[in-house]
Structures are given as structure tokens and as C-alpha cells.
Amino acid sequence: MSDIRVRFAPSPTGYLHVGGARTALFNWLLARKQGGTFILRIEDTDVERSTQESVDAILQGMQWLGLDWDEGPFYQSDNFPLYKEYIQKLQDQGKAYKCYCSAEELEAKRELAMKEGRKPKYDGTCRCRADQPAGQPYVVRFRAPQEGSTSFDDLIKGTITFPNEELDDLIIQRTDGTPTYNFCVVIDDAIMRITTVIRGDDHVNNTPRQIQLYEALGFPVPQFAHVPMILGADKTRLSKRHGATSVIAYRDMGFLPEALVNYLVRLGWSHGDDEIFSREEMIQKFDIGNVGRSASVFNTDKLLWLNAHYIKTGDPARLAELLTPFLVERGINPHSGNPDLATVVKTLQERARTMIEMADGSLFYYRTPESYDAAALSKFTKEHLLAVYEAVALTLGKSTTQTAPEIDALFKELCAEKGWKMPQVGQPVRIALSGGTQAPGIGEIIATLGIQETVLRLDRVRDHILTCQ
RNA sequence: GUCCCCUUCGUCUAGCCCGGCCCAGGACACCGCCCUUUCACGGCGGCGACACCGGUUCAAAUCCGGUAGGGGACGCCA
């Protein structure tokens, strides 16, 4: 047990994307490993872009991934009075001041500075201003130290130092009186007593300013850990044009949450040569210090491999449950009679990389084939097919076997008896039962389908051959 | 432009802090072979990288310096 306190603080302007999910995961892992507290905080200070739908989507994503939080969700917007209080305090202490420069003026100065090759920072026009023009719109700026440097020991990146002259007097309160992000995070993290801030490394540049704020406010400075970005295949920042980025989209594409989590944890972090981690192993082995310093590319192939692994080793009953919505989507109600869905799942676990593939692969169990793979069928003569189907139907009809191995043995016997090779029998029967050539083992199919249905399908395929050829 | 960060197989990475065990290990993908009643699973093997240049050293992926490339930030967004 420790008193480590971490937080995940997304802004509700969209769904939970994989980058955010990984940041959340690292926070969660650290908290769980150390017996600390994981807090969820919604950063909705941007009233314009924040939506309730986004909040719901983020919570849904977190829940699906199994990232449970101990406190929250808290909303930044609930703390507005508190922010005001601290802004006033800073002003009273002379650590912040009113700035009457207009946004347009500043924008112009910024552009000019850029063009002249100077750092586009605030020029300090109002920093030492004595008068306070009444009725004029103003923002409140933090009076930042102008000399020396600010540095911190990043848990992931090591020591990072910024010369203070690079940092300008940032705005902490807008013209409309609302506080800005860099100020709110500091207050929130301070009052929530966050000990370790784990976030995306696009925040590295904000960190020295925030540290100055902590110090000005008299709050203890937390530790920081900046996790590198996730890139698309072309090594640019991951975005929609790289395909799905929402974790819920991965669910809908038939991925298992444990596969995504396992994939995400290995993106940037490693533990020797280990690839597969159960939740417990992840928690036990995770170490924020082992997170890599460079950005990594999101690779769907590897995710697919992990997903296949978890499907292969998953509990059939649970997989059956997860599979159900995909079947319903395909117009099948798997609970209305045979075959048993968990049994179906078992025959497909080694053949499906996603729940979508599994759903597609299981359709034939619930729907008698409407057509047969003609090319595959054409490899055999009509006479041979009819002979096989008749013999198999006969054998099956008088047998009482139930299990796949027993049925497979039956086929072997039949082959020996008739002088057929296994492929000469297996393939035609597979086509008869599933319509195509890619399906589970013959014994598995028949055991799952049941003898009765099997014989029915054999009759059907015989009719088909008789009438169509 | 300025500041900050990053750089090992196509991709994820081990190794780097504490130089030699590394002519660099694992995984995904790819290729080949085997297994096999189809498709898969699985097994075996192959391809494939220390960004570059200098320095230190008996010895450098590992330490130091520089160069190049990439990314991020520079908002009254978060």
C-alpha cells in the first residue's frame, strides 16, 4: 500500500482513442501495482467543445477496457470558483497581473516575431503597467520568473531543463473570466494531491510553466512521466485516416478488451522478451521507468495476433456471449435451439482472429448452405460424390457416436472399407455441410451439428448434384 | 525561427545506466519446410537493424562530442 495518487484527465471532445487509453492504462497500472489511487477527471474547461456524449463515450471505453477508477469522475467545470480564488490570491501577491492587450494585437505580434525569427512569446507590455483602466477587458497573466531555469526529472525521459527566458507570462484567466487549462490542471492536481502525473509527451513543454505555478502557489510539485505518442503506419500522429482510433471501434471490429490492453501495454513498454501478459502479470511487472522514450507505430497485425491468442485460449462460454451481438447483427438468434453456441465457438477458436471472423465462420451452423462451392465440388466426379454421400449418410444413420474423435474414427473406418483416401471423403462432406472448403474438422462439424441435421444436409446436397449437374 | 524531445530488423522491442557474455536476442509480418481431412493451429528454419561522423578504450549498440533526420511545443485549445 502506498499513498501514490495518479489521474487520467481526458478532455471530453471525442471518444476515447487508443493513445488516451494507453495513458489511462499506464496510470491504472501504476496505481494498482503500488496500491495507490487512480482518479478520473474530466477536463471540460473548454465549454465550447465539451459534450456529454464524449464523456459517456470515454467512460464506456474505460469500462470496456476494465480500467476502473477509485475516485471521480470529477469535472473541472465544478471547480470554477476555486480557480477564481487562487487567481485572486496570485494577483493579491503580485504574482499575477491584468493584461489589457487584445487578442488581435497579440496575434499580430506573434506573427511578426515568427517572421523575424524571434521566439513568439509575450513581450511583457502590461507586466509593469501601473494604471488599471476601468471597464477595459483584460486577461490575467502569471508573472513568470525571467531568469534562471526550470527543470524536472521525468520518470520516463530523464532530466529536462528549460531556460526561463523561453517561457513567457502565460494567461491564466481569459477575458470572459474563465481560467485556462495550464492553470486548472495545476490547481486540480494540487488539491487532488496527485503525486505522479502521467500524460502524453505533448505536455512536456507545459511542464515548466506548471512547475512555476505550483511553486508560486506554494504547492508541492508532483513527479512527471511523459509517455511518447502513438503514430500511424506512416509515422505521423495517429489519426482517423490511419483507420480506427477509438477503442470502442476495436470492440465493434471484434477485438477482445484483454487483447487491446495487452497490445497497448507493450507499445512503449516491455518486460524482457515477454509478449503475453495477464492483468495480474501486467500489474506485477509494470514499471513506469521501463517505458521507452520514443514514439511507436500502431501495428494492427500484432494486435490481430494477440486477439487470436486470446480467442484461442479464451473461455468458450464467455466468447459465446461476446459473439452473440455479432451473430444477431447477421440475423441469427443463437439461443433458439441447436447447435449450442459454446460448442460452435470451440470449433472456431483456432480459426478466428476476431469475433467478426468467428461470427462469419459460424454462420453455416445456423443456416443450411444455400449454395455449394462449385469449383471445389468439381474436383470430384458426380458418381464419387453420390457414393460418398450415400455411404456417409448410411454410416452415420446407424451409428450412435457423439464425439468428434469418434466420428473421425468412423470416417477412417469407412475409408478403409471403401478404399477411399480421407481427402476424397472429408472434402465432399465438408462442402455438403458448410457449403465451402474452409471449415472446422469433419468430426467437429458433425458433432456440433448433430447426426440428424448432418444427414438432412447430405440429402440436400445429393438433390443438388442430381438436379444441377 | 526558437526551445524541448527522439533515433537498434518493415513494425513492437531486449540489450545501453554498471563498456567485453552482442559479427546484437525475442515478437508480429513475410518466405520456405513439416504436420494435416479443408481452412486454420502448431513445430522447425530463413530473411532482416545498432542513423551518420569523429573521439575515449586493449575492447563501444553501450561512454563523450558533433552532424543529419524525425517529432513536439511556441493559443484568451486541452
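In this structure, the nucleotide among B:C3, B:C74, B:C76 sitting nearest to the side chain of A:Pro120 is B:C74. Comparing atom distances between the A:Phe162 side chain and each of B:C4, B:G71, B:U2 picks out B:C4 as nearest. Across B:C76, B:A29, B:G1, the shortest atom-to-atom separation from the side chain of A:Asp301 is found for B:A29.
Comparing the same atom, P, in B:C23 and in B:C5 gives a spacing of 33 Å after rounding to whole Å. Taking atom P in both B:G55 and B:A60, one finds a spacing of 12 Å when rounded to whole Å. Nucleotides B:G10 and B:C52, compared at atom P, are 13 Å apart to the nearest Å. When the C1' atom is used for both B:C63 and B:G72, the distance is 28 Å, rounded to whole Å. To the nearest whole angstrom, the two P atoms, one in B:C17 and one in B:G65, are 15 Å apart.
Within a 6.0 Å sphere centred on CD of A:Glu370, other residues, nucleotides and ligands contribute 12 heavy atoms or fewer. The environment of CD in A:Gln88 is crowded: more than 12 heavy-atom neighbours from other residues, nucleotides or ligands sit within 6.0 Å.
Within the 3.5 Å criterion, the main-chain N or O of A:His203 finds a donor-acceptor partner in the side chain of A:Thr207. Between the A:His271 side chain and the A:Asp274 main chain, no donor and acceptor come within less than 3.5 Å of each other. With A:Asn27 contributing its side chain and A:Val6 its backbone, the two residues share no donor-acceptor pair below 3.5 Å.
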Atom pairs and distances, side-chain donor-acceptor, residues 411-426 of chain A, under 3.5 Å, sequence neighbours left out:
| residue | atom | partner | partner atom | Å |
| --- | --- | --- | --- | --- |
| A:Gln424 | OE1 | A:Lys421 | N | 2.6 |

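The phosphate of B:C41 has neither OP1 nor OP2 within less than 4.0 Å of any side-chain N or O from A:Arg353. For B:A78, the OP1/OP2 oxygens have no side-chain nitrogen or oxygen of A:Arg41 closer than 4.0 Å. Taking side-chain N and O atoms only, A:Thr175 has no distance below 4.0 Å to OP1 or OP2 of B:C76.
Under the side-chain hydrogen bond (donor to acceptor under 3.5 Å, both in side chains) criterion, the residue pairs touching residues 350-362 of chain A are A:Arg330-A:Asp360, A:Arg351-A:Glu444, A:Arg353-A:Glu357, with sequence neighbours excluded. Sorted by first and then second residue, the pairs that involve residues 264-273 of chain A and meet salt bridge (Lys or Arg N to Asp or Glu O under 4.0 Å), not counting sequence neighbours, are A:Arg266-A:Glu275. Listed by first and then second residue, the salt bridge (Lys or Arg N to Asp or Glu O under 4.0 Å) pairs that reach into residues 142-161 of chain A are A:Lys157-A:Asp201, sequence neighbours excluded.
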Produce a footprint string for nucleotides 7-12 of chain B: one letter per nucleotide, 5' end first; B if the base is under 4.0 Å from any protein heavy atom, S if only the sugar-phosphate is, - if neither.
-> S---SB
Protein-proximity profile, nucleotides 30-40 of chain B, B/S/- by nucleotide at the 4.0 Å heavy-atom cutoff, equals -------BBBB
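Applying the salt bridge (Lys or Arg N to Asp or Glu O under 4.0 Å) rule to A:Asp287 yields no partners; only residues at least two apart in sequence or on another chain are considered. Remark: A:Glu215 pairs with no residue by the salt bridge (Lys or Arg N to Asp or Glu O under 4.0 Å) rule, at least two apart or across chains. Residues that satisfy the side chain to side chain contact (heavy atoms under 4.5 Å, CB included) test with A:Glu105, not counting sequence neighbours, are A:Cys101, A:Ser102.
In this structure, A:Tyr181 places its OH atom 12 Å from P of B:A73, rounding to the nearest Å. Per the geometry, CZ belonging to A:Arg174 stands 8 Å off C1' belonging to B:C77, to the nearest Å.
A:Thr161 comes within 4.0 angstrom of sugar-phosphate atoms only, judged by non-hydrogen atoms across all strands, and of no base. Among the heavy atoms of the strands lying under 4.0 Å from A:Thr45 are primed sugar atoms or P, OP1, OP2 only; no base atom is included. At the heavy-atom level, A:Arg49 lies under 4.0 Å from base atoms of the strands shown. If you check every strand for non-hydrogen atoms under 4.0 Å, A:Lys312 touches sugar and phosphate atoms only.
For the pair A:Arg199 and A:Phe224, the cation does not sit on the ring face, since its NZ or CZ is not both under 6.0 Å from the ring centre and inside 45° of the axis.
Of the two residues near RNA chain B, A:Asp273 and A:Lys157, the one whose nearest nucleotide lies more 5' is A:Lys157. Projected onto RNA chain B by closest heavy-atom contact, A:Arg237 and A:Glu43 fall at different nucleotides, the more 5' of which corresponds to A:Arg237.
For B:C17, the base is anti relative to its sugar; the glycosidic angle deviates from 0 by more than 90°.
If you check residues 196-210 of chain A against RNA chain B, the residues with a heavy atom closer than 4.0 Å are A:Asp202, A:His203, A:Val204, A:Asn205, A:Asn206, listed by number.
Of the N and O atoms on the side chains of A:Thr45 and A:Gln76, at least one donor lies less than 3.5 Å from an acceptor on the other residue.
Note on A:Glu281 versus A:Arg279: no salt bridge recorded, every NZ/NE/NH1/NH2 to OD/OE distance being 4.0 Å or above. Classification of A:Asp168 and A:Arg141 as a salt-bridged pair fails, no side-chain N sitting under 4.0 Å from a carboxylate O.
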I'd like a table of atom pairs between the protein and nucleotides 20-24 of chain B - only N or O on both sides, under 3.5 Å - with the distance next to each one.
none

Sub-3.5 Å pairs of nitrogen or oxygen atoms, protein against nucleotides 60-65 of chain B:
none

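Classification of the A:Tyr263-A:Phe298 ring pair by plane angle, with boundaries at 30° and 60°, yields perpendicular.
For the atom pair CZ of A:Phe183 and CG of A:Leu90, the computed distance is 5.5 Å after rounding to the nearest 0.5 Å.
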